[in-house]
Amino acid sequence: MPDVQYVDSPEVQNSEILWRIVPPNYIQIVSDSGTSTIRISEGAFVTREMSVFRASRITKDDALRRFPPGSIVAAFPASLARDLPPAGAGCILVLDPADSSHVLVCDKDNPHKRLKGSQANTFRRGATLV
Amino acid sequence: MGDTLHTLENPVRKEERSLPLYDSPPVIETVLGFQFLPIDRFSLLHLGLFWSSVKQDYPKFQIKPPLNPIVEQFEYLKVPAQVLELDLVKEPEVRCWLIDQRENHLVQIQKDRFHFNWKKVTGDEIYPKYDTCRPRFRREWERFSQFLVDEKLGSAQVTQCEVTYVNHLEMGLGWNSYSELHKVFTGLASMSDRKLLREPEHLSLNYVYVIPGKKGRLHIDVRPGIRREGGTQIIQLQMTARGKPASNQLDDLLGWLDLGHEWIVNGFTDFTTQYMHTIWGRKL
Amino acid sequence: MSSVAYAHEAQSVEVFTAPRLTHFHREVISQLFKKQNMDQNWDGYGSSPPSRELIDRAVNLTIMLNFDETTQGQALALEGGGVQIECSKGNRELHFSLFPEGTVEYLKLEQGHTVDEGPVYSTSQVRDLELWFD
């Protein structure tokens, strides 16, 4: 994002729910004893400057609009991103100056660095599929 | 089978052909080709020159490593003493792929080989049949031969003729595991009655048959693989007929290709089961 | 070693063959090859499909792994053009992430919890990871 200061944005409160859109590539249907469960890979969160939406600022339909059919929403509280490991992912939340519903989740120590597998797994474990 | 034996040993006139015919054979690529004595003065520049003369038909190209010569021998040779030779290579030897726009057709050229391939690209293509590929091969070979004359490189002295059919037997179409391949290939027995050796992790089959009169050999190679395009798990059944033509005359060269083709089609029918023939829509 | 070998010399259709492929290898490699045909922006985040070279590297890594049919394997694309190979058996998982810039990272999971992670830089390290996994 141009003209962005990669600092944590206090406007995004810890209690706020954030949505990460997960495309079908990362979704598995796991069958066990006649029941099926949706499981997502932590690969859905392995990226630089992870793009998420603020649930309070956008509808689910609008959030999913530009994503492939079959994409689902993985919801997690902002605190999961900010809290230090092992409870959280140790990230900062950078608000998009051009779109108040859009936030980048970035590594606290190096905002442009790709999130580690452990950070991605923290999001995977802490997210609820909506 | 008497008529068939007659058919196999001698080139057959078109109107007499009674080769098996399939609606949807599993063939994914065919190769018709000649090996010839190396054309000494044939260089990289000649590859470029030839390409410029056929570019309208084959606008794309790729450079590949050359293929080694493979000659069907029938005389038993004494094993020569090991000799270490050092060759000074004057210029890199390459094989050039000239590819048509849709990438279904491919001409392969190196200083001692000429091949013409048809292949499926999208998967929807229908195999054009040998009767369509043969005249096209002839046209390309004559074009190449004329080029050699025009560039004062002489004429290619063909040593081996070769026909290859590559068949992809996709998992799920008639078979689902390696223990079910008796449903596909004749000569394999079911493994279901075995106590121990029931589900192989891997297999490969190789058969070699002599074409009567020592006119050449039919090589059959079966191995599992994964097709890169689409990631489909397959068994690749590859059949290659290769041998020495009666002479360097075009009729004899093409006649050998006809013989090779017949051996492959009849061999394919012999080698695979009626169950699979039904799946492939056998008509003749 | 070239990871994609033509099965016949004059053949142009690319077929991966190797002397010994287990069910694990076949499944993962099949899924890796499928990733090559993904669309540009397949994920809605603007990602390109993994490159041919990256997929070849992933195939090479896959065939290094001595896993048999008791190991479940899958391959998926990552945002930004990477690929991830996921191996699971019992309550353990071993994931390898390959990125376009050439780096490879591993992640060890036990009952879904992160056990360890780091860069992959040698064959012997892969063997150690296999020992933990098996």
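Chain identifiers are assigned alphabetically (A, B, ...) following the order of the sequence lines, protein sequences preceding nucleic acid strands; residue numbering begins at 1 within each chain.
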To the nearest 0.5 Å, how far apart are CZ in A:R20 and OH in C:Y45?
3.5 Å
I need the A:F45 CZ to C:L78 CG distance, nearest 0.5 Å.
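Rounded to the nearest 0.5 Å, the CZ-CG separation comes out at 12.5 Å.
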Could you check whether any side-chain N or O of C:D43 sits under 3.5 Å from a backbone N or O of A:P23, counting only pairs where one atom can act as donor and the other as acceptor?
no
Can any side-chain N or O of A:R124 pair as donor or acceptor with the backbone N or O of C:G112 at less than 3.5 Å?
yes
Can you tell which part of A:R125 gets under 4.5 Å to a heavy atom of chain C, answering side chain, backbone, both or neither?
side chain
A:R65 versus chain C, the contacting section by heavy-atom distance below 4.5 Å
neither
Over 12 foreign heavy atoms within 6.0 Å of CD1, A:I38
no
C:E110, CD: over 12 other non-hydrogen atoms inside 6.0 angstrom
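More than 12 within 6.0 Å, yes.
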Those residues that, when tested against A:T47, pass side chain to side chain donor-acceptor pair (under 3.5 Å) (two or more places apart)
C:E79
Pick whichever of C:D39, C:V115, C:L107, C:D116 has the most heavy-atom pairs under 4.5 Å with chain A.
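Top option by heavy-atom pairs under 4.5 Å: C:L107.
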Start with the C-alpha distance between A:R114 and C:E101, add both sets of side-chain angles, then the distance that settles salt bridge (charged side-chain N to carboxylate O under 4.0 Å, His left out), and finish with yes or no.
CA-CA 12 Å; A:R114 185 184 289 118; C:E101 67 268 20; 2.9 Å; yes
Evaluate the side-chain proximity of A:E42 to C:E93: yes if any heavy-atom separation is below 4.5 Å, no if none is.
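C:E93 vs A:E42: side chains apart.
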Side chain to side chain, C:M38 and A:N25, heavy atoms closer than 4.5 Å:
yes
Can you pull out the residues in residues 122-134 of chain C with any heavy atom less than 4.5 Å from chain A?
none
For the residue pair C:Q84 and A:S41, what are the closest heavy atoms and their distance?
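The pair with the smallest heavy-atom distance is NE2-OG, 3.5 Å.
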Can you name the closest pair of heavy atoms from A:P68 and C:G44 and give their distance?
CD-N, 4.1 Å
Checking C:H95 against chain A: side chain, backbone, both or neither under 4.5 Å from a heavy atom?
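Just its side chain gets close to chain A.
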Using heavy-atom distances under 4.5 Å, tell me whether C:K108 contacts chain A through its side chain, its backbone, both, or neither.
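Neither part.
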